Number of protein chains: 2
Amino acid sequence: MALKTQDSPIIPCVNCPLQHVAGLRPLTENQIQFMAGFKQGELYVAKGAQMLSQGVVSPHLYSVLQGVLFRFKTMEDGRRQIVNFLFPGDMVGLQGAMEDPLQHGVEAITEARVCIFQRERFLELFGTHPRLGFDVAWLAARQETSLDEHLTSVGRRTARERIAWLALFLFLRGRATGLTGRTYLNIALTQAQIADTIGLSIVHTNKTLQALRKANIIEWTADRIGIHDLQAAIEYAKYDLQPESPRPFI
Amino acid sequence: MALKTQDSPIIPCVNCPLQHVAGLRPLTENQIQFMAGFKQGELYVAKGAQMLSQGVVSPHLYSVLQGVLFRFKTMEDGRRQIVNFLFPGDMVGLQGAMEDPLQHGVEAITEARVCIFQRERFLELFGTHPRLGFDVAWLAARQETSLDEHLTSVGRRTARERIAWLALFLFLRGRATGLTGRTYLNIALTQAQIADTIGLSIVHTNKTLQALRKANIIEWTADRIGIHDLQAAIEYAKYDLQPESPRPFI
DNA sequence: CGAGCTTTTGACGGTAGTCAACTGCGGTGG
DNA sequence: CCACCGCAGTTGACTACCGTCAAAAGCTCG
């Protein structure tokens, strides 16, 4: 896959690579035309860079064109919780887009590229392209079900289940957006990030990861997630696999 | 407040009581007219009754007219996680409304009353009333930030903080929808429900509740939540208080 | 080659889960 | 009318999972 680098030119919507991702529902000609006018620019985000900060009022709305990012909240005393991961096609800053300050930060796990849209023209989108508006609501609802699962994972799964669950979640989400290969998803999460996602301490995350490795359930190294027996992993994690209709994207 | 009972007639949208709730942004004449046609009926849900079950494909879309409900997920082995609470004006089944089977159940905490809308006419709403479509997206986004907070609570707060946090959350949410009085919110949560919300065992929930009672932080009895010193409780729970613009409702 | 980060390890303590039994309460039926 | 049942709440004992602390090892980068 030819990755765009920091210096590559802005991708016109007409050539949007997301149009050809198997897990995403392509836009119509008409919709692409509109999006081309709606799109204000593009933002390159370096791996590990923070794209948005908690508390700021963002004048923009974004969607992920390339790469993987995560949303996180930090408490005043420094405790951090990663709440969600953003894959290609996901919207960023919808919450903040409704005039209130952003209640979470956004950071890139991989090198990433996001489209920038104008917030003040957002209502217009609903007026002139109801289907796109519907899709926005659809995406928001989908994020919500994703959070539901994350929450039950943190609230009700054991440490091992949680880690296996997270590996599967990322793996499958990557597969739906064309990032996951046959058995591997190339993504570099630190153990601190894993810990902050599933609500464990770093030390215990480390020990649990080792146990999972020994048990041959998942192969999670510094730079990739490997799952050799998908079915076994799903059962181990008690992953709630669901038939997904292809996602829309903006 | 005059509560409607099971036998009271269906409330026409023109007289929608939510129009006068301080925390909600009233609909315009025009919007009410549309909603009146969009509304298909009303559903009375007895206290403790399950309104929707996990796994079903719901042909409808709902919004809460009166009462408080919660959404929950259950794992195959019975572990349960309450993911969200639904107060007047909240939408129910948005996730499921997008064609996929519902991934959570919905149960009423109090006697409740919900409006029933037709799912197949949902897209039409976006076409003819963009502002309402926008509001749907807004509500979904808001639910998401609510889940964000819930997730950081379960993932990163101590048991005491979690319970105090939940009390505050319900208390304030009730206040925004006119349910909370000066110092009390009349709502009957069992300790099992509290436990399933914050990811603790029942026993430990019980002991933590007692500790909080002794410490005089919150007064949480079988049928109501009392908070005497709001500021103190907020600090204790490390509650992330945010100025909220009035919610739209559908 | 050293600074700084991530990962790893071991020891220890505390928070939270499990088990089991008992209390209290409202509802039901004999 | 009251015994009995079932459910919610409570208690204590024991266990184990997980967090904290501290230190070392491995890596990457300047």
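A note on names: the letters A, B, ... follow the listed sequences, proteins ahead of strands, and every chain is numbered from 1. Note that the structure is predicted; figures quoted are calculated from it, not measured. Heavy atoms only: backbone and side chains are in, while hydrogens, waters and symmetry mates are out.
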Colleague: Between atom CG in Asp196(B) and atom P in dG9(D), what is the gap in whole Å?
Modeller: 12 Å

Colleague: What is the distance from CZ of Arg79(B) to P of dG17(C), rounded to the nearest Å?
Modeller: 12 Å

Colleague: So, does Gln193(B) get its side chain near the phosphate of dA8(D), meaning an N or O under 4.0 Å from OP1 or OP2?
Modeller: no

Colleague: Can you tell me the distance, in whole Å, between the NE2 atom of His204(A) and the P atom of dT15(C)?
Modeller: 16 Å

Colleague: Taking atom types as they are modelled, is there a donor-acceptor pair under 3.5 Å from the base of dG17(C) to the side chain of Lys207(B)?
Modeller: no

Colleague: dT8(C) phosphate, OP1 or OP2: any side-chain N/O from Gln191(A) under 4.0 angstrom?
Modeller: yes

Colleague: For Ile198(B) and dT15(C), give me the distance from atom CD1 to atom C1', rounded to whole Å.
Modeller: 14 Å

Colleague: Taking the minimum atom-to-atom distance to the side chain of Leu200(A), which one of dT8(C), dG19(D), dT18(C) wins?
Modeller: dG19(D)

Colleague: Less than 4.0 angstrom between a side-chain N/O of Asn206(B) and OP1 or OP2 of dT10(D), yes or no?
Modeller: yes

Colleague: For His60(B) and Tyr62(B), take the angle between the two ring planes, folded into 0 to 90°, and tell me which bin it lands in: parallel under 30, tilted 30 to 60, perpendicular over 60.
Modeller: perpendicular

Colleague: Assess whether a salt bridge exists between Asp90(B) and Arg173(B), defined as any Lys/Arg side-chain N lying under 4.0 Å from an Asp/Glu carboxylate O.
Modeller: yes

Colleague: Between Gln210(A) and dT7(C), is there a side-chain N or O to OP1/OP2 distance below 4.0 Å?
Modeller: no

Colleague: Grab the CG-P distance between Asp77(B) and dT18(C) for me, whole Å please.
Modeller: 11 Å

Colleague: For DNA chain C, whose closest nucleotide is more 5', that of Val203(B) or that of Thr208(B)?
Modeller: Thr208(B)

Colleague: Report which part of the nucleic acid Gly199(A) touches: base, sugar-phosphate, or nothing (heavy-atom distance under 4.0 Å, all strands).
Modeller: sugar-phosphate

Colleague: Would you mind checking if Glu42(A) and Arg113(A) are paired as a salt bridge, meaning a charged N to carboxylate O distance below 4.0 Å?
Modeller: yes

Colleague: Between Ile202(A) (CD1) and dT20(D) (C1'), how many Å, whole number?
Modeller: 12 Å

Colleague: When we call it a touch if two heavy atoms are under 4.0 Å apart, what does Ala222(A) touch: a base, just sugar-phosphate, or nothing?
Modeller: nothing

Colleague: If only atom types and distance count, is the side chain of Gln54(A) paired as donor or acceptor with the main-chain N or O of Thr74(A) below 3.5 Å?
Modeller: yes

Colleague: Base, sugar-phosphate or nothing for Thr190(B)? Non-hydrogen atoms, less than 4.0 Å.
Modeller: sugar-phosphate

Colleague: Taking only side-chain N and O atoms of Arg213(B), does any of them lie within less than 4.0 angstrom of OP1 or OP2 on dT10(D)?
Modeller: yes

Colleague: Can you tell whether the side chains of Glu161(B) and Arg156(B) come within less than 4.0 Å, N to carboxylate O?
Modeller: no

Colleague: Could you give the CH2-to-P distance, from Trp220(B) to dG9(D), as a whole number of Å?
Modeller: 11 Å

Colleague: Return the value, rounded to whole Å, for the distance between atom CZ of Arg157(A) and atom P of dC17(D).
Modeller: 18 Å

